[in-house]
Amino acid sequence: MMRIFDPHIHMTSRTTDDYEAMHAAGVRAVVEPSFWLGQPRTSPASFLDYFDSLLGWEPFRAAQYGIAHHCTLALNPKEANDPRCVPVLGELPRYLVKDQVVAVGEIGYDSMTPAEDTALAAQLQLAADHTLPALVHTPHRDKLAGLRRTLDVVRESALPPEHVLVDHLNETTVKEAKDSGCWLGFSVYPDTKMDERRMIAILRAYGPEQVLVNSAADWGRSDPLKTREVGHLMLAEGFTEDDVDRVLWRNPVAFYALSGRLTLDVTATDATHEGNSILRGAPQDPDALTGAPAPEA
């Protein structure tokens, strides 16, 4: 079985059944970047509760299925435009020292506004201050202009490009991203972003060096097993097992290890987290359901 590290997946939006299926598929580690809820947050307090869940509840859920869970924390690009949310930048330093935090992210651009410029530059500086890498979200619209603007801000920052992962790349943006010296991230979706065959074509053209493939699975139409499908297609298309292991495991390990905090051993957990279990009610007793007598002691 191939070993898989999904370097960008929003497990808060997924069910516990997904963790079980991911482990069966070979996923042994994930990084969960902080992102928006799908509706506007109304205060920094909403971020803080969310950050706490990424540092506590989600590692607990993941560990139940033998998956190491880390996160990246940030003010995301979309909400950088909302004055109600921007004060969370002042709260980030106390969270960025936490052991489970392996990068600042997602940061970058959504609509390429002046407010997004300010948030991106500030958070690249926070990453440099905390000796952390950065996960950068490139915009879904006008991608090449967004990438160029992103790379300009990275070059002006104190963070070296080899400590930056530029995500959501495609055929339009991959060459300039690769030439910049940044790490290259590709999100494989059922309908949008990249698909498996387009990913194979990029790997043939540009090679597997510094390439990370993720599912970016969230509350929208997405698939947490897309990483495995890319690996299977790589093998079917003539890539070696070593190539697959490099893209799906060693590259994400190498990037997030830049934080000095990446731990791939899964720590055994208690049955509950702060009194809560992933179970719902007591397990069913088949004998009680059928009315059969209980076995004698």
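Computed from heavy atoms alone, side chains included, the values below leave out hydrogens, waters and symmetry copies. One is the number of the first residue; the rest follow in order along the sequence.
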Ring of Y19, cation from R61 - is the NZ or CZ under 6.0 Å from the centre and inside 45° of the axis?
no

Taking C-beta and beyond as the side chain, do T16 and Y65 meet within less than 4.5 Å on heavy atoms?
yes

Side chain proximity check, L92 to L73, heavy atoms < 4.5 angstrom
yes

Any residue meeting side chain to side chain contact (heavy atoms under 4.5 Å, CB included) with L235, in chain and number order, not counting sequence neighbours:
M2, E241, V244

Determine whether more than 12 heavy atoms belonging to other residues, nucleotides or ligands lie under 6.0 Å from atom CZ of R84.
yes

For V86, all residues meeting side chain to side chain contact (heavy atoms under 4.5 Å, CB included), sequence neighbours excluded:
L75, L89

Salt bridge flag under 4.0 Å for residues D152 and R149
no

H168 side chain to T138 side chain, donor-acceptor N/O pair below 3.5 angstrom
no

For D99, what residues pass the side chain to side chain contact (heavy atoms under 4.5 Å, CB included) criterion, not counting sequence neighbours?
none

For P33, which residues count as a side chain to side chain contact (heavy atoms under 4.5 Å, CB included) partner, sequence neighbours excluded?
H8, H10, T72, E106, L135

Where does the angle between the aromatic ring planes of F51 and Y95 fall among parallel (under 30°), tilted (30 to 60°) and perpendicular (over 60°)?
perpendicular

Answer yes or no: is there a side-chain heavy-atom contact under 4.5 Å between Q100 and P59?
yes

pair V154-L159: side-chain heavy atoms closer than 4.5 Å
no

At what distance, to the nearest 0.5 angstrom, does CZ of F239 lie from CG of L203?
5.0 Å

Please answer whether the main-chain N or O of T263 pairs with a side-chain N or O of H70 as donor and acceptor at a distance below 3.5 Å.
yes

Could you pull out all residues at least two apart from S215 that satisfy side chain to side chain donor-acceptor pair (under 3.5 Å)?
D6

ILVMFWY network linking V211 to L169, side-chain heavy atoms under 4.5 angstrom:
yes

What I'd like to find out is whether the side chain of L184 reaches to under 4.5 Å of the side chain of Y206, using heavy atoms alone.
no

ring-ring contact (aromatic ring centres under 6.0 Å, His included) filter on F186, not counting sequence neighbours, yields none

Taking atom types as modelled, find out whether D110 and N81 have a side-chain donor-acceptor pair closer than 3.5 angstrom.
no

Separation between CE of M234 and CG of D245, rounded to the nearest 0.5 Å
10.0 Å

Verify the distance criterion only: is there a donor paired with an acceptor across the side chains of R14 and S222 at less than 3.5 Å?
yes

Any donor and acceptor pair, going by atom type alone, linking the side chain of R28 with main-chain N or O of I4 inside 3.5 Å?
no

Between S111 and P139, is there a side-chain heavy-atom distance shorter than 4.5 Å?
no

Taking atom NZ of K98 as the centre, report whether more than 12 heavy atoms of other residues, nucleotides or ligands fall under 6.0 Å from it.
no

For residues P77 and L120, determine if any side-chain heavy atom of one lies less than 4.5 Å from a side-chain heavy atom of the other.
no

Indicate the atoms forming the closest heavy-atom contact of N170 with T172, along with that distance.
OD1-N, 2.9 Å

